[in-house]
S.K.: 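Here it is, the structure in full.
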Amino acid sequence: MERSQLNLRISEQLAKLIDAKRIELSVTMGSITSRSDILRFALEKYLEQDLSEIEMDRRRSATSTKG
């Protein structure tokens with residue numbers, strides 16, 4: 001499946017908020033997620049759509065490259 005890349009510019013303050021959420025979620029997820037994952041979680045909530053099926057291929061490849 002082909003993936004598109006989105007270039008998103010964010011303020012330093014927003015980056016700090018995203019990073020704080022990454023640290024917070026690391027307790028329950030067992031590792032620190034990427035900023036992209038945090039944005040996907042936020043979009044999932046905002047769009048009121050389960051993106052796990054759509055994004056399954058990307059998440060699976062990300063975890064397989066960590067090993």
Side-chain angles (χ1 to χ4, degrees):
M1 172 185 274
E2 187 176 323
R3 297 284 180 205
S4 297
Q5 187 172 356
L6 178 65
N7 184 8
L8 179 68
R9 298 184 198 294
I10 59 174
S11 68
E12 187 176 328
Q13 183 178 6
L14 182 54
K16 287 179 181 179
L17 291 169
I18 291 169
D19 289 343
K21 181 56 80 172
R22 293 171 65 210
I23 303 288
E24 178 187 323
L25 289 175
S26 71
V27 174
T28 57
M29 299 187 83
S31 64
I32 298 177
T33 60
S34 67
R35 285 180 174 170
S36 294
D37 282 336
I38 296 300
L39 294 176
R40 282 185 196 89
F41 296 150
L43 284 170
E44 204 169 64
K45 201 167 195 176
Y46 180 77
L47 297 172
E48 298 177 348
Q49 294 289 315
D50 179 4
L51 301 180
S52 61
E53 289 297 317
I54 298 169
E55 294 294 309
M56 186 183 313
D57 181 62
R58 191 213 59 81
R59 290 179 183 167
R60 192 177 297 143
S61 65
T63 56
S64 65
T65 59
K66 289 180 182 179

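Remember, it's a predicted structure, so these values are computed and weren't measured experimentally.
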S.K.: Could you list the residues that satisfy side-chain hydrogen bond (donor to acceptor under 3.5 Å, both in side chains) with Q49, not counting sequence neighbours?
M.R.: none
S.K.: State, to 0.1 Å, how close L14 and S11 come at their nearest heavy-atom pair, and which atoms those are.
M.R.: N-OG, 3.1 Å
S.K.: For a quick test of reading the model, state the closest non-hydrogen atom pair linking R40 to L51 and the distance between them.
M.R.: O-CD1, 4.0 Å
S.K.: Where do I18 and R35 come nearest, in terms of heavy atoms and distance?
M.R.: CG2-CG, 3.8 Å
S.K.: Which residues pass the side-chain contact (heavy atoms from CB on, under 4.5 Å) test with K16, not counting sequence neighbours?
M.R.: E12
S.K.: Quick one: list whatever passes side-chain contact (heavy atoms from CB on, under 4.5 Å) with A20, sequence neighbours left out.
M.R.: none
S.K.: Among residues at least two apart in sequence or on other chains, which ones pass side-chain contact (heavy atoms from CB on, under 4.5 Å) with L8?
M.R.: I10, L39
S.K.: Check side-chain contact (heavy atoms from CB on, under 4.5 Å) between L25 and all other residues, then give those that pass, not counting sequence neighbours.
M.R.: K21, T28, M29, I38, F41
S.K.: If you measure from CG on D37 to CD1 on I32, what distance do you get to the nearest 0.5 Å?
M.R.: 12.5 Å
